[in-house]
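Model, not experiment: these values are computed from the prediction.
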Amino acid sequence: YEIRPRDWSSDVCSSDLLPRNGEISYELYLGSNRFNVGRTVQSWTISDDSYRVRSASETTGIAAMFARQSIEYISSGRLTAAGLRPDQFSNARERRGEKDAATARFDWKTQTITFGEPPKSAPLAGNEQDLVSFMYQLGLMPLTPGRIMLPITNGWKFERYELEVGIRSEEHTSELQ
């Protein structure tokens with residue numbers, strides 16, 4: 001599947017800029033003996049003008065024997081001319097047997113985000129993202145070298161993140177073994 005560059009002259013973000021569904025798995029290894037200590041699976045579904053992205057991570061192998069942890073993020077919302085526009089975000093994690101969860105709701109009609117426990121609210125300016133959607137949003141944005149500020153929620157907090165966009169370069173490395 002070929003991912004085409006975004007045509008920002010269009011008034012609608014075409015859902016065919018990304019595959020309609022997919023899954024990416026990451027394995028985390030530690031040390032020269034390559035002990036498997038973690039796994040993340042990201043999956044997404046795009047249907048017409050809506051999306052759903054799920055990211056699930058957990059400790060594995062020897063790390064899970066000593067410190068079992070898991071975390072799941074789910075973002076859902078709409079595809080717009082500006083890219084992803086989240087409507088809802090959830091964050092559920094388990095550490096040392098303790099479960100914790102948080103949600104954020106983006107109300108674009110009233111331009112308000114509600115997040116945290118107890119619930120707090122803040123105004124929306126139009127470019128806000130959540131901890132999962134922002135990664136996909138960056139792939140749809142026309143990025144130029146420099147700094148960008150992006151308001152992001154993790155369900156508990158809503159903060160501005162400063163991202164540094166570097167100069168694009170190509171590096172050629174030998175194949176991984």
Side-chain angles (χ1 to χ4, degrees), residues 1-6 12-30 34-64 67-96 98-106 108 113 115-116 127-143 148-166 168 171 173 175-176:
Y1 188 89
E2 180 182 347
I3 298 175
R4 294 176 290 158
R6 170 77 167 100
V12 176
C13 180
S14 174
S15 62
D16 65 351
L17 290 172
L18 297 169
R20 287 198 147 321
N21 55 57
E23 183 174 287
I24 301 171
S25 297
Y26 304 91
E27 300 285 334
L28 178 63
Y29 297 94
L30 179 65
R34 298 182 40 86
F35 293 112
N36 185 300
V37 295
R39 173 181 169 87
T40 295
V41 177
Q42 288 195 351
S43 58
W44 67 90
T45 303
I46 296 173
S47 175
D48 298 322
D49 69 343
S50 64
Y51 77 89
R52 181 179 188 274
V53 178
R54 177 180 180 265
S55 179
S57 301
E58 64 183 351
T59 51
T60 59
I62 196 165
R68 181 165 293 282
Q69 296 184 41
S70 64
I71 191 160
E72 178 185 62
Y73 302 123
I74 298 175
S75 174
S76 60
R78 302 267 171 239
L79 292 170
T80 71
L84 299 180
R85 177 174 261 187
D87 290 327
Q88 186 164 329
F89 175 75
S90 64
N91 177 344
R93 64 184 178 192
E94 184 174 350
R95 285 191 264 187
R96 297 176 206 91
E98 302 273 328
K99 292 183 179 182
D100 204 1
T103 60
R105 286 181 178 50
F106 298 77
W108 297 103
I113 181 173
F115 60 95
N127 65 337
E128 292 79 5
Q129 296 292 317
D130 58 59
L131 203 53
V132 175
S133 67
F134 96 90
M135 293 181 275
Y136 293 84
Q137 175 68 3
L138 288 175
L140 298 173
M141 292 172 61
L143 299 175
I148 58 174
M149 297 296 285
L150 194 57
I152 298 174
T153 184
N154 66 3
W156 284 282
K157 298 184 281 187
F158 181 55
E159 300 177 317
R160 290 195 167 302
Y161 287 79
E162 184 176 322
L163 305 173
E164 179 78 28
V165 178
R168 184 182 177 131
E171 300 293 327
T173 60
E175 286 187 39
L176 296 175

Counting C-beta onward and ignoring hydrogens, is there a side-chain heavy-atom pair between Met135 and Val53 closer than 4.5 Å? no
Within the structure provided, determine whether Arg20 and Ser47 are in side-chain contact (heavy-atom separation under 4.5 Å). no
Looking only at heavy atoms, what is the nearest atom pair of Asn154 and Asn91, with distance? O-ND2, 2.9 Å
Count the heavy atoms of every other residue, nucleotide or ligand shown that sit under 6.0 Å from CD of Glu98, and state whether that count exceeds 12. no
Minimum side-chain heavy-atom gap Ile46-Asn21 below 4.5 Å: no
Rounded to the nearest 0.5 angstrom, the CG-CZ distance for Asp48 and Arg78 is 9.5 Å
Report yes if some heavy atom in the side chain of Leu150 is under 4.5 Å from a heavy atom in the side chain of Asn127; otherwise report no. yes
Applied to residues 36-45, the salt bridge (charged side-chain N to carboxylate O under 4.0 Å, His left out) test, sequence neighbours excluded, yields Glu27-Arg39
Heavy-atom pair of closest approach, residues Ala104 and Thr153: CB-CG2, 3.7 Å
Can you tell me if Ser133 and Gln129 form a side-chain donor-acceptor pair at under 3.5 Å? yes
Going by the angle between their ring planes, with limits at 30° and 60°, are Tyr73 and Phe89 parallel, tilted or perpendicular? parallel
What one should report as the nearest heavy-atom pair of Phe106 and Gln88 is CD1-N, 4.2 Å
To the closest 0.5 Å, what do you measure between CZ (Arg85) and OG (Ser50)? 14.5 Å
Counterpart residues, side chain to side chain donor-acceptor pair (under 3.5 Å), relative to Asp100 (two or more places apart): Arg93
Got a second to check how far Glu94's CD is from Glu72's CD, nearest 0.5 Å? 12.0 Å
pair Val37-Thr59: side-chain heavy atoms closer than 4.5 Å: no
Just how far is it from atom OG1 of Thr80 to atom CG of Asp49, taken to the nearest 0.5 Å? 9.5 Å
Which heavy atom in Thr60 sits nearest to a heavy atom in Gly38, and how many Å separate them? OG1-N, 3.0 Å
Ile62 side chain near Leu30 side chain, heavy-atom distance below 4.5 Å: no
Nearest heavy atoms of Ser55 and Thr40, plus distance in Å: OG-CG2, 3.8 Å
What distance do Ser75 atom OG and Leu84 atom CG have between them, rounded to the nearest 0.5 Å? 7.0 Å
To the nearest 0.5 angstrom, please state how far the CG atom of Leu28 sits from the CZ atom of Phe35. 13.0 Å
Which heavy-atom pair separates Phe115 from Trp156 by the least distance, and what is that distance? CD1-O, 3.5 Å
Mind checking side chain to side chain donor-acceptor pair (under 3.5 Å) for Glu128 and listing every partner two or more places apart, or none if nothing turns up? none
